[in-house]
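Every chain is numbered from 1, with letters handed out A, B, ... down the list of sequences. Remember, predicted model here, so these are calculated numbers, not experimental data.
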Amino acid sequence: MSKMTVTLRVWRQAGPKAQGEFKNYTVETDTDTSFLETLDILNEQLVEKKEEPIAFDSDCREGICGMCSLYINGHPHGPATGATTCQLYMRRFKDGETITVEPWRSAAFPVIKDLIVDRNAFDKIQQAGGYVSFNCGGAQDANDLPISKVAADMAMDSATCIGCGACVAACKNGSAMLFVSAKVSQFALLPQGQVERARRARKMVAKMDELGFGNCTNTGACSAECPKNISLSNIARLNREFIAAKCAE
Amino acid sequence: MELIKTADGLVIPAADSKIPEGPVAEKWTNYKDHQKLVNPANKRKLTVIVVGTGLAGASAASTLGELGFNVLNFCIQDSPRRAHSIAAQGGINAAKNYQNDGDSVYRLFYDTVKGGDYRAREANVYRLAEVSNNIIDQCVAQCVPFAREYGGLLANRSFGGAQVSRTFYAKGQTGQQLLLGAYSSLNRQIELGKVKSFNRYEMHDVVMVDGRARGIIAKNLVTGEFERFSAHAVVLATGGYGNTYFLSTNAMSCNCSAAVAAYRKGAYFANPAFVQIHPTCIPVHGDKQSKLTLMSESLRNDGRIWVPKDLETAKKLQKGEIKGSDVPEEERDYYLERRYPAFGNLVPRDVASRAAKERCDKGFGVNNTGLAVFLDFSEAINRLGIDTVRQRYGNLFDMYEEITDVNPGELGNKIGDTCYYNPMMIFPAIHYTMGGLWVDYELQTSLKGLYAIGECNFSDHGANRLGASALMQGLADGYFVLPYTIQNYLSDQISVPCPSTSLPEFDEAEKQCRARQQQLLDIQGNHSVDSIHKELGHIMWEYVGMARTKESLETALAKLKEIRKTFETDLYVPGSAEGYNNELDKAFRLRDFITMGELIAYDALNRNESCGGHFREEYQTEEGEAKRDDENYFYVACWDYQGNDNTAPALIKEPLQYEAIKVQTRNYKS
Ligand SMILES: Cc1cc2nc3c(=O)[nH]c(=O)nc-3n(C[C@H](O)[C@H](O)[C@H](O)COP(=O)(O)OP(=O)(O)OC[C@H]3O[C@@H](n4cnc5c(N)ncnc54)[C@H](O)[C@@H]3O)c2cc1C
Ligand code: SF4
Ligand code: FES
């Protein structure tokens with residue numbers, strides 16, 4: 001462990017309609033401390049000085065809930081690949097470095113305060129069709145339906161998406177295709193998802209368009225920045241699903 | 001509830017636990033055959049509030065919606081999918097016996113009761129084991145991608161406290177996949193308009209009207225406004241109270257405020273002293289840490305736990321002069337395999353945690369603080385190859401590396417012909433709380449119309465929970481138990497209109513919430529919320545942690561009084577009541593953690609025995625094993641609030657009644 005001092009250049013914005021600005025803060029931390037814990041240290045100091053702490057989202061702090069959402073030095077979730085903001089440790093930065101911290105920036109994710117954004121649009125897309133329509137209690141015995149390990153593993157890879165929104169933040173068009181395609185893929189790869197397959201693809205894409213997410217132009221920034229390495233092949237699958245669904249109409 | 005006065009104090013009448021008639025295996029069927037139901041046309045007239053969207057809350061809300069009730073569903077996070085259940089790694093138990101290794105509903109029931117050190121309610125546990133199989137069917141139908149064998153059938157792994165393989169899993173992300181399954185069903189009901197979802201809302205109080213729970217006051221965390229919601233019944237699915245200890249494996253927002261609000265309104269709080277300390281967490285490394293990270297129990301399938309045999313070697317490890325992989329096989333003490341040959345590294349959590357503490361107390365700890373033991377994969381890697389081991393645990397190895405800069409899959413050293421891989425360092429940490437709101441067989445608290453499900457209630461795990469059983473319980477409660485049992489209550493309510501939120505009871509409750517908020521903002525002292533919470537956590541871990549004594553608990557109670565005083569007179573909360581103010585929200589939660597800390601200490605002081613996660617040093621065998629006292633403590637300890645936080649709560653007992661299982665000393669040695 002070694003000590004380090006960094007300057008955090010942080011986006012401060014009092015509320016949804018307020019004008020925002022960057023502010024600089026110097027904070028002492030060490031290589032074994034996480035980035036969010038460094039923000040905690042800074043917030044403790046601000047509170048001690050009777051100033052308002054920086055508002056940011058986090059919950060599980062182990063890379064699974066998808067709550068943390070910081071745009072650090074030009075990358076959603078910071079410089080590490082395959083990791084969320086909460087999994088970022090200070091050893092990734094240099095002593096004396098100035099680190100720029102912003103919220104996700106996308107028309108579909110308005111800022112609530114400082115670094116916190118509203119990602120409700122993601123829930124709405126899921127509500128449009130991200131499920132199998134059956135009621136609890138009616139299921140058959142789980143092993144009555146063998147599913148190939150390959151399909152199950154591929155579905156699992158798609159289902160790993162944590163709904164963080166980094167893909168949208170990374171995309172110059174603010175497209176949600178990677179997120180939507182991961183969900184559509186999980187269902188499309190499994191036999192239980194077949195009955196509603198076409199309807200699901202159609203409804204989720206329509207909802208995504210309605211909520212103001214941009215178009216996908218295949219630049220691939222989403223997948224490169226995704227903390228769960230969700231693959232671009234999901235987008236290709238969604239495109240096929242969507243065309244097939246349209247043809248079936 | 002009319003309590004019975006006995007020479008032993010106040011006792012809950014057996015009838016009020018509502019345990020159905022008949023042999024344990026028939027009770028649930030009997031119950032379902034005779035309970036009252038609500039017909040479809042009437043369900044539409046009834047509203048249920050479900051607070052929480054973890055496995056318990058999401059499954060209950062979606063299932064109640066499917067049945068036709070109107071549901072209002074709340075969570076603190078920005079989406080129901082982010083509830084703390086998402087973080088569960090290892091798996092979920094069920095008695096499917098797909099492996100043909102001798103499993104059965106009875107065996108899962110028996111293991112759970114034994115694992116809980118004979119302090120759970122037998123009838124509830126049997127029902128849990130009984131519905132466990134339906135859960136797996138339900139989740140597969142939802143497209144939960146459980147791990148499978150090449151033949152296409154479901155795969156299983158083993159967890160602590162069991163000699164069969166009954167744990168279903170989805171990589172190291174089982175909680176995530178189960179929660180996303182429940183969230184998908186919930187989304188369907190939201191789309192259909194049966195469930196209304198309120199994200200970034202925090203419940204502050206239950207509203208009682210004529211002795212029944214009729215609504216809640218919740219704070220909109222974005223606007224800062226208190227809002228009123230009314231219903232025919234209220235269900236709390238708000239999780240456990242592990243964060244009382246500040247450092248735990250729980251998520252940052254996990255809190256006990258909803259349960260404590262219910263307790264202050266008169267709901268009994270049961271067995272608060274039963275707190276689970278998980279043996280395999282990444283050790284504490286400084287005073288800036290915000291939480292502790294769990295390394296899944298599944299690692300104990302292939303990982304072997306050890307410390308050096310020799311104190312000198314331990315000293316060298318502590319000074320950093322040598323690494324774990326420098327210590328050859330013959331100098332390692334695999335103390336769990338040595339002490340518990342029948343279960344080895346897969347003993348239950350309480351046993352494994354205490355054994356680690358025992359070694360570290362004797363000076364055998366392996367990191368710079370002396371508070372860590374090794375979890376080693378060398379044997380597994382040499383046997384199975386690194387690829388197979390990485391396939392099983394790769395994501396956990398990477399997670400460990402990201403935090404500690406060491407990868408357990410990397411070759412550390414070769415001594416002779418033997419390859420030694422870098423071991424993980426682990427230490428016990430607060431993880432789960434078995435105690436919770438007291439509920440009867442129907443999962444109703446001692447307040448009419450108020451229910452508690454999931455980790456928030458006390459009923460199924462006794463004094464210690466087995467791995468992979470919390471997910472099972474949360475989903476059992478939400479999918480298969482509460483949606484039935486709540487109808488027994490609601491069937492009487494069909495002609496009662498949903499109460500108006502302008503009733504004086506709502507006025508009063510909201511007024512009190514506002515007053516408490518103003519108090520917190522007005523103190524303008526010098527201590528931040530976190531600094532007081534850390535101090536609380538320190539006291540809890542030191543004096544009410546893994547080993548407790550009468551003296552330590554009395555010290556804790558005295559110190560907690562001081563903490564409360566600091567909180568009430570010298571707290572500083574920045575900002576105002578308007579808009580998003582996380583420091584203010586944390587202050588509200590801390591107030592309740594302090595009350596909870598006292599409750600844990602009172603209960604631990606009362607329970608003059610050691611059982612499960614509750615270890616009183618005065619009560620142990622010569623070999624250092626927990627010594628129960630079934631003669632005097634074979635009961636659920638329920639605590640009744642006495643009107644204010646400064647008065648000690650009153651004890652009420654629910655005597656345990658075992659019919660199917662013979663109560664005996666737990667044995668994991670042979
Ligand atoms: C790291 C980790 C790994 C685990 N692994 C396993 C495992 O492998 N197998 C297993 O069986 N168990 C495991 N557990 C335990 C298990 O995850 C939990 O016990 C279980 O998920 C709890 O579910 P729940 O629905 O009761 O509560 P939670 O998932 O904690 O949900 C609580 C909900 O209540 C809401 N809430 C709380 N207070 C309020 C309030 N005042 N107002 C509004 N909403 C509120 C929250 O927002 C959240 O939605 C693990 C636990 C941890 C910490
Ligand atoms: S696809 Fe990746 S970046 Fe997008 S929401 Fe899912 S996990 Fe986050
Ligand atoms: S806080 Fe949960 S993923 Fe980062």
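Comparing B:Phe480, B:Tyr479, B:Phe146, B:Tyr580 by heavy-atom pairs within less than 4.5 Å of chain A, the highest count is held by B:Tyr580. For the options B:His527, B:Lys96, B:Lys288, B:Gln189, heavy-atom pairs under 4.5 Å to chain A are most numerous at B:Lys288. When each of A:Ser133, A:Ala128, A:Gly138, A:Ala14 is scored by its heavy-atom pairs under 4.5 Å with chain B, the top score falls to A:Ser133. In terms of heavy-atom pairs under 4.5 Å with chain B, the best-connected choice from A:Ala155, A:Pro53, A:Ala152, A:Pro146 is A:Pro146. The residue among A:Glu48, A:Glu62, A:Arg91, A:Gln140 with the most heavy atom pairs within less than 4.5 Å of chain B is A:Arg91. Among the candidates A:Asp123, A:Thr29, A:Leu189, the residue making the largest number of heavy-atom pairs closer than 4.5 Å to chain B is A:Asp123. Interface summary for chain B: among A:Leu88, A:Ile162, A:Val47, A:Asn135, the most heavy-atom pairs under 4.5 angstrom belong to A:Asn135. Considering only heavy-atom pairs separated by less than 4.5 Å from chain A, the leading option among B:Asp398, B:Leu153, B:Val222 is B:Leu153. Heavy-atom pairs under 4.5 Å with chain A peak, among B:Asn134, B:Val140, B:Asp137, at B:Asp137. Interface remark: of the candidates B:Asp405, B:Ile136, B:Thr293, B:Asp405 forms the most heavy-atom pairs closer than 4.5 Å to chain A. Between chain B and the residues A:Asp118, A:Ile64, A:Leu190, A:Asp59, the most heavy-atom pairs under 4.5 angstrom are made by A:Asp59.
Here the CD atom belonging to A:Gln126 is positioned 10.5 Å from the CD1 atom belonging to B:Ile190, to the nearest 0.5 angstrom. Atom NZ of B:Lys291 and atom OG of A:Ser34 lie 11.0 Å apart (nearest 0.5 Å). Annotation: the span from B:Ser197 atom OG to A:Lys124 atom NZ amounts to 10.0 Å, rounded to 0.5 Å. Of the inter-residue distances, the one linking B:Gln391 atom CD with A:Asp153 atom CG reads 8.0 Å to the nearest 0.5 angstrom. The line from CG of B:Leu154 to CG of A:Asn143 is 4.5 Å long, rounded to the nearest 0.5 Å. To the nearest 0.5 angstrom, A:Met67 atom CE is 7.0 Å from B:Ser253 atom OG.
If you measure heavy-atom distances from B:Asp78 to chain A, the contacts under 4.5 Å come from both the backbone and the side chain. Proximity to chain A (any heavy atom under 4.5 Å) is shown, for B:Gln77, by both the backbone and the side chain. Residue contact with chain A, scored on non-hydrogen atoms closer than 4.5 Å, involves the side chain of B:Glu583 exclusively. Of the two parts of B:Gln289, the backbone and the side chain both hold a non-hydrogen atom closer than 4.5 Å to a non-hydrogen atom of chain A. Heavy atoms closer than 4.5 Å to chain A are found in the side chain of B:Gln177, but not in its backbone. Looking at A:Lys113, only its side chain comes within 4.5 Å of chain B, counting heavy atoms on both sides. In this structure, the portions of A:Ile147 lying under 4.5 Å from any heavy atom of chain B include both its backbone and its side chain. Residue B:Leu192: no heavy atom, backbone or side chain, is found under 4.5 Å from chain A. In this structure, no portion of A:Asp144 lies under 4.5 Å from any heavy atom of chain B. Using a 4.5 Å cut-off between heavy atoms, A:Thr160 touches chain B through backbone and side chain atoms alike. In this structure, the portion of B:Pro574 lying under 4.5 Å from any heavy atom of chain A is its side chain and not its backbone. Only the backbone of B:Leu292 comes within less than 4.5 Å of a heavy atom of chain A; no side-chain atom from C-beta onward does.
In A:Tyr25, the OH atom is crowded: over 12 heavy atoms of neighbouring residues, nucleotides or ligands sit closer than 6.0 Å. Applying the 6.0 Å contact sphere to CD of A:Glu51 captures more than 12 heavy atoms from other residues, nucleotides or ligands. Counted within 6.0 Å of NZ on A:Lys17, heavy atoms from surrounding residues, nucleotides or ligands total 12 or fewer; the atom is thus considered open. In this structure, A:Lys3 places its NZ atom where only 12 or fewer heavy-atom neighbours from other residues, nucleotides or ligands lie under 6.0 Å away.
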Checklist entry - Given A:Lys203 and B:Glu191, is the salt bridge (charged side-chain N to carboxylate O under 4.0 Å, His left out) satisfied, shown in steps? => result CA-CA 12 Å; A:Lys203 287 187 72 180; B:Glu191 179 77 352; 3.8 Å; yes
Next on the checklist: Apply side-chain contact (heavy atoms from CB on, under 4.5 Å) to residues B:Glu66 and A:Phe134 and explain how you reach the verdict.
Outcome noted: CA-CA 9 Å; B:Glu66 287 165 8; A:Phe134 80 104; over 6 Å; no
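When all heavy atoms of A:Gln186 and B:Pro145 are compared, the pair lying nearest together is NE2-CD, 3.8 Å. The two atoms that bring A:Glu44 and B:Ser528 nearest to each other are OE1-OG, 2.7 Å, heavy atoms only. A pairwise comparison of heavy atoms in B:Asn187 and A:Gln127 identifies OD1-CG, 3.3 Å as the closest pair.
One finds a salt bridge joining A:Asp57 and B:Arg200 here, because a Lys/Arg side-chain nitrogen approaches an Asp/Glu carboxylate oxygen to under 4.0 Å. Ion pairing of B:Lys171 with A:Asp157 is present here, as a side-chain N (NZ or NE/NH1/NH2) and a carboxylate O approach within less than 4.0 Å. Salt-bridge formation is not detected for the pair A:Glu196/B:Arg188: no Lys NZ or Arg NE/NH1/NH2 atom is positioned less than 4.0 Å from an Asp or Glu carboxylate oxygen.
Contact annotation: the side chain of B:Asn199 approaches that of A:Asn120 to within less than 4.5 Å [non-hydrogen atoms, C-beta and beyond]. Counting heavy atoms from C-beta on, the side chains of A:Arg92 and B:Glu402 come closer than 4.5 Å.
Distance alone, capped at 3.5 Å, is enough to place a donor-acceptor pair between the B:Arg82 side chain and the A:Gly163 backbone.
Applying the ring pair (Phe, Tyr, Trp, His ring centres under 6.0 Å) test to A:Tyr131 and every residue at least two apart in sequence or in another chain returns nothing.
For residues 34-66 of chain A, the set of pairs meeting the ring pair (Phe, Tyr, Trp, His ring centres under 6.0 Å) definition, not counting sequence neighbours, comprises A:Phe35-A:Phe93.
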